[in-house]
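Throughout, a chain's letter reflects where its sequence line sits, starting with A, and its residues are numbered from 1. In this text, all values refer to a predicted model and were calculated from it rather than measured experimentally.
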Number of protein chains: 2
Amino acid sequence: MSRAPKTHLIRDTNDRAALDLMLSDGPVTKTRLGELVGLSKVTAGQLLTRLGDRGLVQVVGTQQGGRGPNAALYGVVPSAGYVAALHIGPDQITASVADITGTELATGELDPHEASDPVEAVRATVANATERAGITIEQLRCLSIGTPGMIDPRTGDIRFANDLPDWRAGVLEDLRRSFQRPILIENDVNLAGLAEQSAGATHGVKDSVLAWIDRGLGLAVIVDGRLHRGAGGGAGEIGYLAVPGASTPHGTDSPQHAAFQSLVSVEAMDTLARAFGLSGDGVGCVRSAVEGDPDAEPFLDELARRLALGLAGICVVLDPELCVLAGEVGRAGGEVLAARVQKAIASLGPNVPTVVPTAISGDPVLRGALQIGLDTARDEVFSNQG
Amino acid sequence: MSRAPKTHLIRDTNDRAALDLMLSDGPVTKTRLGELVGLSKVTAGQLLTRLGDRGLVQVVGTQQGGRGPNAALYGVVPSAGYVAALHIGPDQITASVADITGTELATGELDPHEASDPVEAVRATVANATERAGITIEQLRCLSIGTPGMIDPRTGDIRFANDLPDWRAGVLEDLRRSFQRPILIENDVNLAGLAEQSAGATHGVKDSVLAWIDRGLGLAVIVDGRLHRGAGGGAGEIGYLAVPGASTPHGTDSPQHAAFQSLVSVEAMDTLARAFGLSGDGVGCVRSAVEGDPDAEPFLDELARRLALGLAGICVVLDPELCVLAGEVGRAGGEVLAARVQKAIASLGPNVPTVVPTAISGDPVLRGALQIGLDTARDEVFSNQG
DNA sequence: GCCCTACTGTAAGGTTCCTTTACAGTTACC
DNA sequence: GGTAACTGTAAAGGAACCTTACAGTAGGGC
């Protein structure tokens with residue numbers, strides 16, 4: 001350990017606790033801040049003066065009502081820093097810009113086919129969003145990016161993303177060089193899991209999983225309140241999961257033709273719907289079934305059974321408290337599908353989680369990306385090192 | 001956050017860091033302690049005086065060599081506390097007594113059929129071990145117990161243990177009443193995983209799993225350096241894992257006839273050995289194969305293939321860095337089996353951990369139980385509350 | 001054999017950070 | 001109009017750590 005003055009540590013900790021508190025609970029008075037952080041009124045006042053001098057907090061109003069003078073309310077200065085978050089999909093790139101308080105200022109979009117390479121695509125989308133937000137790219141403290149594929153947790157770089165041919169190892173370095181600031185790349189499903197945890201169905205739950213059922217299949221694993229990425233960033237790649245009734249997967253081919261992926265996913269469900277004599281695509285049939293169409297009932301049961309086959313294995317390994325169904329299929333299936341999946345899991349093993357549909361509105365991947373971007377931006381802006 | 005004097009926290013932290021350091025690195029001088037904990041020589045001296053007054057550390061010798069006066073070496077007082085650890089098996093109960101430094105003083109054994117109930121069995125075995133260690137039961141700060149079955153992480157009580165009919169919910173309460181001190185009950189496979197992590201193959205590894213292949217089948221999941229128990233304590237009950245090629249499990253029957261358990265385990269291997277025309281039991285055949293018997297080769301290959309079918313699913317979900325094969329089969333299979341399992345996993349999915357045999361000698365369950373017992377005893381003895 | 005260097009261990013004084021106490025000033029309620 | 005409850009600041013104090021200083025001890029070089 002460093003021989004550094006250890007007493008600074010406690011002040012830094014208190015400063016950061018106060019900032020986090022103002023971010024989560026909104027503006028507070030000196031006295032209330034002291035109570036919440038565990039400091040005396042006097043020390044809380046000194047703390048706020050200090051943060052005010054650094055330009056991080058300001059008086060944002062006065063508290064009305066109650067006896068005595070109207071206490072000043074202190075809040076975090078929104079312009080202390082900005083972040084940009086992106087969701088990279090095969091056919092669309094979405095960006096969102098927010099200030100340090102987490103307030104979303106503007107969004108931007110781009111068709112990736114319009115850009116020659118990832119760096120150009122990111123730069124164009126971010127430029128679009130920052131312009132609408134009325135800030136410059138230079139004011140961004142951090143860029144966070146959600147993509148399909150596997151990210152190496154050691155380097156933070158992409159290992160491979162099947163659906164995005166241009167996004168391969170080295171992209172991180174290119175982006176860092178181009179933007180000259182922290183860049184975070186994270187798997188899209190993992191980000192959806194983080195979004196669910198910070199503002200959705202798994203909020204406050206220690207151990208949970210989020211199953212992403214869409215074109216691809218994925219799983220976000222939350223253990224003890226933290227996202228588990230795995231040694232090589234491959235945790236949750238359940239498209240490859242061997243499931244009884246599917247053909248045994250082989251090698252590291254695309255999971256499209258392997259295992260769990262062959263049973264569920266949007267494509268597999270289209271096929272399944274036809275097999276049940278239904279018209280329309282799989283997701284449409286899920287919606288019909290949820291809305292009460294009796295013809296689509298057996299189809300929904302079979303879908304629940306298939307999902308349970310894979311999820312039961314996951315529950316046997318992890319025993320999560322909660323299992324969220326997300327992605328287009330999870331959202332379409334809603335409470336009805338979730339209840340059936342839970343029942344089917346119960347028939348397959350001893351560990352039965354509560355199964356629920358996602359509770360995030362909007363794009364959960366973008367939301368999660370914003371989350372991790374804000375986390376690192378705050379670490380940077382609020383730290384006393386700079 | 002309590003309004004309590006926050007400044008005590010830093011002193012307590014330093015005291016504890018010093019104690020942990022003396023436990024892991026052995027006796028140290030004042031000056032060296034200061035360097036390692038990050039304190040000045042003066043403060044380190046005050047710290048040691050304080051801990052000496054509390055009877056926790058003492059001078060255990062002097063450092064020879066080097067200039068100047070021979071510095072006094074300070075170490076933790078072994079008699080500051082004792083713990084007992086137990087491993088409950090269907091046919092044998094083993095106990096081990098250690099002092100607060102982790103030095104094992106004595107062991108004891110008992111045939112559980114000699115005792116009328118769990119409390120009696122534990123009391124008799126512990127009495128045996130403490131007597132041999134030259135201490136009394138009253139000197140024990142904590143008892144830790146490893147059993148098969150599921151433990152509820154909320155209450156710490158047993159939910160059920162198929163192999164131990166007398167060990168059921170309520171045992172924890174009975175033991176607490178009888179011994180009037182902290183009692184910890186933990187799943188045996190989880191304890192083996194902890195032992196492996198603190199002194200075995202997964203030492204220093206953040207994400208790992210330990211597969212226990214014996215009469216029963218189990219998995220210890222270590223995520224980010226910490227044991228993952230699951231919401232209901234059911235994480236790692238992989239006997240129920242659905243695996244292609246095994247019959248689909250059903251309900252919460254004993255896993256004996258279900259899924260992964262039906263493919264591997266000592267009994268399944270006996271059957272498998274006969275099917276391959278081998279004489280002797282399954283474990284014996286594993287040993288023969290490892291020692292180079294060509295007739296047993298195909299048997300070992302099939303065993304590795306079966307293990308990989310289940311482990312591949314686990315790797316797809318968790319992507320561990322290391323996978324340990326433990327239990328009687330894992331130990332017998334050694335490096336040879338581990339290498340084949342790793343190769344087989346590589347053919348089944350994208351996440352391939354390093355597969356190794358257990359590196360713990362002796363009873364890993366007892367070792368793990370001692371570990372958690374020492375952890376809580378130290379928390380208690382070293383805390384400043386009492 | 002002597003001196004220098006490097007180390008131990010303690011004493012004295014200083015810094016940082018937080019706390020309590022005190023008080024002047026402000027507002028709501030009775 | 002008085003009292004109670006609150007805000008915000010000033011002054012004094014305590015807890016924990018730090019540096020500096022110094023007396024004393026052991027090894028190494030000449």
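Remark: C1' of C:dT27 and CD of A:Q64 are 11 Å apart, rounded to the nearest angstrom. One interatomic measurement links the two molecules: CG of A:L39 to P of D:dG14, which rounds to 20 Å at whole-angstrom precision. In this structure, the CG atom of B:L33 is 15 Å from the C1' atom of D:dC17, given to the nearest Å. Distance CD (A:Q46) to C1' (D:dG8): 12 Å, rounded to an integer number of Å. Rounded to a whole Å, the CZ atom of A:R32 is 11 Å from the P atom of D:dT7. Rounded to a whole Å, the CG atom of A:N70 is 14 Å from the P atom of D:dC6. In this structure, the CG atom of B:L47 is 17 Å from the P atom of D:dA15, given to the nearest Å. Atom CD1 in A:I10 sits about 8 Å away from atom C1' in C:dC18, given to the nearest Å.
Note on A:H8: every side-chain N or O is 4.0 Å or more away from OP1 and OP2 of C:dT16. Under 4.0 angstrom from either OP1 or OP2 of D:dC17 there lies at least one side-chain N or O belonging to B:N14. A sub-4.0 Å separation between OP1 or OP2 of C:dT20 and a side-chain N or O of A:S40 is absent. Between B:R11 and D:dA15, a side-chain N or O to OP1/OP2 separation shorter than 4.0 Å is absent.
Toward the 5′ end of DNA chain D lies the nearest nucleotide of A:A72, the other residue of the pair B:T43 and A:A72 mapping further downstream.
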Between the protein and nucleotides 3-7 of chain C, which nitrogen or oxygen pairs come in under 3.5 angstrom?
from	atom 1	to	atom 2	distance (Å)
C:dT5	O2	B:R67	NH1	3.3
C:dA6	O4'	B:R67	NH1	3.3

All N/O contacts under 3.5 Å from nucleotides 10-12 of chain C to the protein, with atom names and distances to one decimal?
none

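Between the side chain of A:H228 and the backbone N or O of A:I222, no donor-acceptor pair lies under 3.5 Å.
Under the rule for a salt bridge (Lys or Arg N to Asp or Glu O under 4.0 Å), A:K30 has no partner lying at least two apart in sequence or in another chain. Listed by chain and residue number, nothing satisfies the salt bridge (Lys or Arg N to Asp or Glu O under 4.0 Å) test with A:R67 (two or more places apart in sequence, or in another chain). Partners of A:R181 by salt bridge (Lys or Arg N to Asp or Glu O under 4.0 Å), not counting sequence neighbours: none found.
When all heavy atoms are compared, the tightest approach of A:R16 to A:D379 is NH1-OD1, 2.9 Å.
Side chains of B:E196 and B:T202: no donor on one and acceptor on the other come within 3.5 Å. B:T29 and B:T31 share no donor-acceptor pair across their side chains, judged by distance under 3.5 Å alone.
For the side chain to side chain contact (heavy atoms under 4.5 Å, CB included) test with A:L47, the passing option among A:L19, A:D15, A:V57 is A:D15; the others fail.
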What side-chain donor-acceptor pairs closer than 3.5 Å can you find for residues 137-146 of chain B, not counting sequence neighbours?
from	atom 1	to	atom 2	distance (Å)
B:Q139	OE1	B:T136	N	3.1
B:S144	OG	B:A369	O	2.6

